[in-house]
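Remarks on the structure that follows.
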Number of protein chains: 2
Amino acid sequence: MKQHKPTESELEILGILWERGASTVREVHEKLAETKEAGYTTTLKLMQIMYEKGLLTRDASSKTHIYAAAVSQSATQQQLLNKMIDTVFGGSATQLVMQALGHHKSSDEELDQIRKYLSEIEKQQR
Amino acid sequence: MKQHKPTESELEILGILWERGASTVREVHEKLAETKEAGYTTTLKLMQIMYEKGLLTRDASSKTHIYAAAVSQSATQQQLLNKMIDTVFGGSATQLVMQALGHHKSSDEELDQIRKYLSEIEKQQR
DNA sequence: GAACATCTACGAATATCTTCGTAAACAAAT
DNA sequence: ATTTGTTTACGAAGATATTCGTAGATGTTC
C-alpha cells in the first residue's frame with residue numbers, strides 16, 4: 001500500500017499539519033496565507049481532495065471539521081528523499097548530505113549530533 | 001534571475017544530461033526508455049520546451065541538434081533541497097541529513113568523507 | 001426570527017504538464 | 001529521383017493540479 005504522492009500544494013498543507021497537529025481549514029488557511037496568496041475555498045477544496053486521497057483524516061462530528069495528516073512525516077520525507085537522491089543526486093545519498101550541510105548554517109551542537117549519529121550507523125553496520 | 005523550477009519529467013532529463021554531458025534527443029530518449037515508457041516525440045517536445053524555458057542550451061548547427069543542461073546540477077540541487085527542508089523537514093537541514101543517512105547504506109569511506117566535511121565546516125565557522 | 005457570519009459541498013473554469021500524431025525538411029541508399 | 005529512415009516543428013488532445021464562485025447548511029447576534 002503505497003502512499004499517493006503529494007503535490008506541491010499538498011505538501012505545504014501537510015507541513016502545516018505536522019507542525020500544528022490537527023487543525024481546522026481556517027487555521028491551516030491562516031498559516032498558509034502568511035506566505036501565499038490564496039482564497040479560503042481553495043484551501044478547503046485542497047484539503048477535501050487530500051481527504052479523499054487518504055492523505056488526511058478528518059473529524060466531522062462538529063460543524064467545523066478538524067483535519068489531521070494521515071501520512072507520517074518521516075515516511076513522506078523518506079519517499080521524497082529517495083526520489084530526489086535518485087534523480088538529482090545521481091543516486092548518492094552522501095552527495096545530498098554534503099550539499100545540505102554545505103549551504104545551511106548548522107550550529108556546533110547540530111554538527112555534533114550528526115557525528116554521534118554517524119558513529120551509531122557504523123556500529124550497527126558491523 | 002531565478003531559475004525556472006523544473007518539473008518531474010524535466011528533472012529526469014536534466015539528470016541524464018548532467019551524467020552524459022551534451023547529447024542528442026535520441027540519446028536522451030534511449031536512456032530514458034530504460035526506465036520509462038514514452039514515445040520519441042514526447043522526449044523531443046519536452047526538451048524543446050526546456051530549451052524555451054532556458055533549462056537547456058542547444059547547438060542547432062547540424063541537422064541533429066545537440067542539447068546540454070543550462071542549469072548547474074549543484075544550483076538545482078540546492079534549490080530543491082531548500083524547498084524540501086522548508087516544507088517537509090520543518091526548516092531543519094540536520095533533520096534531513098539524519099533521515100538521509102539513516103535509510104541509505106553508506107560505506108565506511110563515505111561516512112569518513114562526511115566526517116571530514118563536518119570538520120571543515122566547523123573550521124570555517126570559526 | 002431576521003440579519004449576518006462561517007462553514008461545507010459542488011461544479012466548473014483555468015492553468016500546467018504530459019503525451020503523441022502528423023507534416024515537412026533533410027540525408028542516405030538503392 | 002524515388003524510397004526509406006531520421007530529424008525537427010507544430011498543434012492539439014488528455015491528464016492532472018489549482019483556483020474560486022455560488023449555493024445551501026449551520027450557528028450567532030441583535
Side-chain angles (χ1 to χ4, degrees), chain A residues 2-17 22-68 71 76 79-80 83 87-88, chain B residues 2-17 22-68 71 76 79-80 83 87-88:
Chain A
K2 199 188 143 210
Q3 139 180 173
H4 210 124
K5 194 194 164 195
T7 67
E8 202 55 39
S9 306
E10 290 173 344
L11 273 182
E12 289 176 356
I13 289 176
L14 280 175
I16 291 172
L17 287 174
S23 308
T24 64
V25 173
R26 174 68 53 190
E27 290 165 338
V28 171
H29 177 64
E30 222 85 294
K31 182 73 183 173
L32 213 50
E34 290 176 10
T35 49
K36 203 186 179 181
E37 188 69 21
Y40 172 81
T41 53
T42 300
T43 305
L44 171 65
K45 180 71 170 186
L46 264 174
M47 290 176 73
Q48 286 174 339
I49 290 173
M50 290 172 75
Y51 169 68
E52 282 161 22
K53 283 191 190 174
L55 289 172
L56 303 185
T57 60
R58 75 174 170 191
D59 172 358
S61 58
S62 61
K63 185 200 161 193
T64 303
H65 301 178
I66 298 186
Y67 289 81
V71 296
T76 306
Q79 187 191 1
L80 296 177
K83 180 88 183 182
T87 60
V88 190
Chain B
K2 197 189 145 208
Q3 141 180 172
H4 211 124
K5 192 193 165 195
T7 68
E8 203 54 37
S9 307
E10 290 173 343
L11 272 183
E12 290 176 356
I13 290 175
L14 280 174
I16 291 172
L17 288 174
S23 309
T24 65
V25 174
R26 174 68 51 189
E27 291 165 338
V28 170
H29 176 64
E30 222 86 295
K31 181 74 183 171
L32 212 49
E34 290 176 12
T35 49
K36 201 186 181 184
E37 189 69 21
Y40 173 80
T41 54
T42 301
T43 306
L44 171 65
K45 181 70 170 188
L46 265 174
M47 291 176 73
Q48 286 172 339
I49 290 173
M50 291 173 76
Y51 169 67
E52 281 160 23
K53 284 189 188 173
L55 289 172
L56 303 185
T57 60
R58 78 173 168 190
D59 172 358
S61 57
S62 61
K63 185 198 161 193
T64 303
H65 301 176
I66 297 186
Y67 290 81
V71 296
T76 306
Q79 186 193 357
L80 295 177
K83 180 89 183 180
T87 61
V88 188

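What you see below is based on every heavy atom in this structure, not just the backbone, and it leaves out hydrogens, waters and symmetry mates. First the proteins, then the strands, lettered A, B, ... as listed; each starts at 1.
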From NE2 of B:His29 across to P of D:dT8 the rounded distance in Å is 12 Å
**Asked** Going by heavy atoms in the side chains, are B:Arg58 and B:Met47 under 4.5 Å from each other?
**Response** no
- Is any side-chain heavy atom of B:Leu80 less than 4.5 Å from a side-chain heavy atom of B:Leu11? yes
So, OP1 or OP2 of D:dA9: does either fall under 4.0 Å of a side-chain N or O from B:Arg58? yes
Separation of D:dA17 atom P from A:Met47 atom CE, nearest Å, is 18 Å
Any side-chain heavy-atom pair of B:Met50 and B:Leu14 under 4.5 Å: yes
Does a side-chain N or O from B:Arg26 land closer than 4.0 Å to OP1 or OP2 of D:dT7, or not?
yes
**Asked** If you count the non-hydrogen atoms of other residues, nucleotides and ligands that lie under 6.0 Å from OH in A:Tyr51, is the total more than 12?
**Response** no
Heavy-atom check, side chain of A:Glu27 versus side chain of A:Tyr67, under 4.5 Å: no
Side-chain atoms of B:Lys53 come closest, of D:dA9, C:dA9, C:dC17, to C:dC17
In B:Thr42, B:Thr41, B:Ile49, the residue satisfying side-chain contact (heavy atoms from CB on, under 4.5 Å) with B:Lys45 is B:Ile49
Rounded to whole Å, CG of A:Leu44 lies from P of D:dG21 at a distance of 14 Å
Taken to the nearest whole Å, CD/A:Glu52 to P/C:dG11 is 11 Å
**OP:** Would you indicate what A:Gln48 reaches in the nucleic acid, counting non-hydrogen atoms under 4.0 angstrom: base, sugar-phosphate, or nothing?
**Re:** base
In B/S/- notation (B base, S sugar-phosphate only, - none; protein heavy atoms under 4.0 Å), nucleotides 19-30 of chain C written 5' to 3' is BBBB--BB----
Rounded to whole Å, NZ of A:Lys5 lies from P of C:dC17 at a distance of 13 Å
